[in-house]
Amino acid sequence: MADYKPQAIEKKWQERWRDARAFEVTEDSAKPKFYCLEMFAYPSGHAHVGHVRNYMIGDVVARMKRMRGFNVLHPFGWDAFGLPAENAAIKSGTHPETWTLENIAHMKGQLQRIGISYAWERELATCMPDYYKWNQWVFLKMLERDIAYKRRSSVNWCPTDQTVLANEQVINGACWRCGTTVTTRELEQWFFRITRYADELLAGAERLDQWPEKVLTMQRNWIGRSQGARLKFDLAPGGSGQGIEVFTTRIDTIYGANFVLLAPEHSLVQAWAKEDPEHFSEGLKKFQAQDRSARMTGEVEKEGFDTGRHAINPFTERPVPIWVANFVLGEYGTGAVMGVPGHDQRDFEFARKYKLPVTTVIRAVDGEAPDASALGAAAESDGLLVNSGPYDGLGSDNARAKLTDEARHRGIGEGTVQYRLKDWGISRQRYWGTPIPVLYCDSCGMVPEKYENLPVELPKIAEFSGRGDSPLAHVPEFVNAKCPKCGGSARRETDTMDTFVDSSWYFLRFCDPHNAQLPFDPEKVAYWGPVDFYSGGVEHAILHLIYSRFFTRVFRDIGMTSLDEPFERLLTQGMVLNSGQVMSKSKGNVVDPDDMIARYGADALRLYVMFVAPPEKEIEWTDAGLEGSWRFLARVWRIVDQLSETIGGEGIPGPDSVVLNDEERALRRKTHETIRRVTQDLDPRVHLNTAVSGLMELVNELYAFCGQSRCLVVGRTADEEASVGVIERPGTVAVLKESVEALVLMLSPFAPHMAEELWEMLGHKEGVVAAGWPPFNPEVAKAQEITVPVQVNGKLRGRVVVGAEVSEEELRAAALADPQVQKHIQGKTIRKVVIAGGSASRLVSIVVG
RNA sequence: GCGAAAGUGGCGGAACUGGCAGACGCGCCGGACUUAGGAUCCGGUAGCCGUGAGGCUUUGGGGGUUCGACUCCCCCCUUUCGCACCA
């Protein structure tokens, strides 16, 4: 008998897996494919338990699917470009590449010591030229299709990180990475036209029925589709050529539009400010002092000033004043809105503050016309139109259609759809990213780099100052280049791409990671795609997951794949907390997996993290819980170790070919019930915690069985030990063998090293994958006798034991005859007897009165 | 403010489509084994009443539907997350 010593076992199997290239795969049409992926890692240094939980979840799924006969692609890689590497360079002088590669080496070791079954030959790092070359390739394709374009625009600027941020990267007005309040800058920037796919991304979300509803809702809100109309207000007097176009979703309230509001950034405001600088600079001054993010999030009070100009409401044909208001956003819609104080709360507050008239033009279908002034709030619901000339009496829906039609006929407006989603700004003024492959030539203007010149490599030497322009701009040998068109002198673009570009298609590259001709072979992606199971943190609900859906469609449109959606099923795993807080170096509460492996082994660590809570939920780290999992594994080890001599031999007859007694049959039933339960919990449910508890129950049952049948030494007195003999009954040997083997196989996705070791101890030459998932036999799982609970007036009063094939009449008679039940029904009238449930859960419910 | 999810023993959590609430584990209590055990094996463990058989109460609170509700419906409370002037 040997004690359970995880460290030695784990090392042994990790070496074997590596030497046998056990998890490498190729396309194989004989097996169904399964693409299992965890979000790849940013190589920040050391992975803590919170990071590796995700890889453990994916590994259980991958290993289980392999055993169930799937050809499983389970790759891993590194999201290796990004700011922390560059910041480390500024701080310590280490080159970003050195820093990144060292971190990758360390973290790879950590993952290998946890025993994650990756196809390491497919490993990729986005900072390598053979990867980012294809970022540049896609960029050029996007340029050709007008998906990539450059424009000067007002952009989000993080003063700490000294770079531009995409809208998706600004959280509550602050930088997603460092939390600094974001400011604005006017810059020439490259954009990806993700808005072209807005409708498709929205519609596609409807079909993602294996994604968490929460993530889909967040994406829908982010895309923010609004159906409405654009409508032109002419300027008064004279209604000269130029007017003000507004966007509204409530054209049904047009007769209540008593003013027009312009964003301070609106071009007309800028023009008028030139004509009348005194008046406008006075008004605009207070907005300039206001924080942009505070303005965006509505923290500042609604304020405005009168331009002194008027516009004509195109339906009432009356002049209305034009005001500038701080709550109107320049970048949404047309930067101008119509003010309907009776039916829009913001406009109402504005009107009240500046004493502008309020008109009611909608009344409730079954009520009076509400008076917003009396109400103290705008009546924002739909209803029936009043005070609206020829449109009086129409419902809001109907009126919107009619008014939009009328506006179109008159050439002053049209129905339109507006999105909150904006094009994705991808220029970053940083070094450690993919160079944008374009040049600026004095005679040819902007010229894309030629495909054959890719990759445009990052120069090795760069100065890391942390200044607000790209470090590449200070490397003359990079900047100065020849124009690909005319051969004259040209300057290279010195901005690099947002690192979210890298992660938007890496899952496709994994299908063909060493392809030197193309980003990937379309046939390989056709075989492996889409990702069947994708897991990662919910913090990527919008950023990475919407960009990836966008990129997949771009690859589709350039003919590289027929996929629309990249990820079939998404699991967002919960975080690991320690002392109630997220693990972080600064809080000093990180748990390093290597420390836990040194104490309890990787298998116990994996088992604990999988068992303590469902994968989606956050968990609170406890050493005691980990120890409990270790105890369970040691318990499995002991029983298998002790039984291995008896059940590990050759030529043992199976349980179908020997006579079984009641106890043996019961153990067999429990074994098959467990197979059914654990299988379902893993696939398709991914309820990993209950799968583990199912295995624990089976182990408890095995101990009880062995205790009774005296075939186990553990826990006995010295005297008793002597009486523990050789197991004589062939039935006992047969059911124990079946049960223990099923246990070891089902445990193997969770505790792969120990399971392989035990499997070998049981006399098997080939590993657990070759053995396959244990088969479930419904005949064996079926109970011969069942215990049926009996309720009287809804309270549990007794249980009757009957044959599994009992008829309803027999069951009713047995229930009524039960002495416990009798006590509660005696002398009362039986009103009703309900026999409920199918074969799985039966119950008798008696109603007396 | 709007939207979503969730509230179950001392703790983490189970209960698949309305059918035996508290599986499994942690912790705690007891027993066995033992020179000893923080090892191991066995047992107990929601609360209250009762020596016991058993009874009553119990899934955030209140109401409802049903033979039967952790599960469905309505109201309220709490927590977490997301959105937050998008016209």
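Keep in mind it's a predicted model, so treat the numbers as computed, not measured. Each chain gets a letter, A, B and so on, in the order the sequences are listed, and its residues count up from 1.
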Among [options], the one nearest [X] by side-chain distance:
X	options	value
A:Val847	B:A87, B:G19, B:C67	B:C67
A:Ala836	B:G19, B:A15, B:C20	B:G19
A:Lys795	B:C56, B:C26, B:A87	B:C56

> Under a 4.0 Å heavy-atom cut-off, which of residues 627-635 of chain A touch RNA chain B?
Replying inline: A:Gly628, A:Arg631, A:Arg635

Give [X] one of three labels, base, sugar-phosphate or nothing, depending on what nucleic acid heavy atoms sit under 4.0 Å from its own.
X	value
A:Asn700	sugar-phosphate
A:His343	nothing
A:Val834	base
A:Gln791	base
A:Thr217	nothing
A:Arg685	sugar-phosphate
A:Arg225	nothing

> Just how far, in rounded Å, is C1' of B:C56 from NE2 of A:His824?
Replying inline: 11 Å

> Could you give the CG-to-P distance, from A:Leu743 to B:C24, as a whole number of Å?
Replying inline: 16 Å

>> Looking at A:Tyr703, I'd like to know if the NZ or CZ of A:Arg635 sits under 6.0 Å from its six-membered ring centre while staying within 45 degrees of the ring's axis.
In response: yes

Has [X] got a side-chain N or O lying under 4.0 Å from the OP1 or OP2 atom of [N]?
X	N	answer
A:Lys617	B:A5	no
A:Tyr703	B:C42	no
A:Lys214	B:A5	no
A:Asn689	B:C24	no
A:Ser693	B:G13	no
A:Arg677	B:C16	no
A:Arg797	B:C56	yes

> Would you say the side-chain atoms of A:Ser693 and A:Arg677 include a donor-acceptor pair closer than 3.5 Å?
Replying inline: yes

> Do A:Tyr332 and A:Gln418 get their side chains close enough for a donor-acceptor pair, meaning under 3.5 Å?
Replying inline: no

>> Applying the Watson-Crick and G-U wobble criteria at under 3.5 Å, what pairs with B:G1? Answer none if nothing qualifies.
In response: B:C83

> Which base sits across from B:C28 as a Watson-Crick or G-U pair, both distances under 3.5 Å?
Replying inline: B:G44

Is the distance between the ring centroids of [X] and [Y] less than 6.0 Å?
X	Y	value
A:Tyr419	A:Trp222	no
A:Phe327	A:Phe350	yes
A:Phe305	A:Trp323	no

> On a whole-Å scale, what distance lies between the P atoms belonging to B:G31 and B:U8?
Replying inline: 34 Å

>> Once rounded to the nearest 0.5 Å, what's the spacing between atom CG of A:Leu421 and atom OG1 of A:Thr195?
In response: 6.5 Å

>> Tell me if the CH2 atom of A:Trp630 is crowded by more than 12 foreign heavy atoms within 6.0 Å.
In response: no

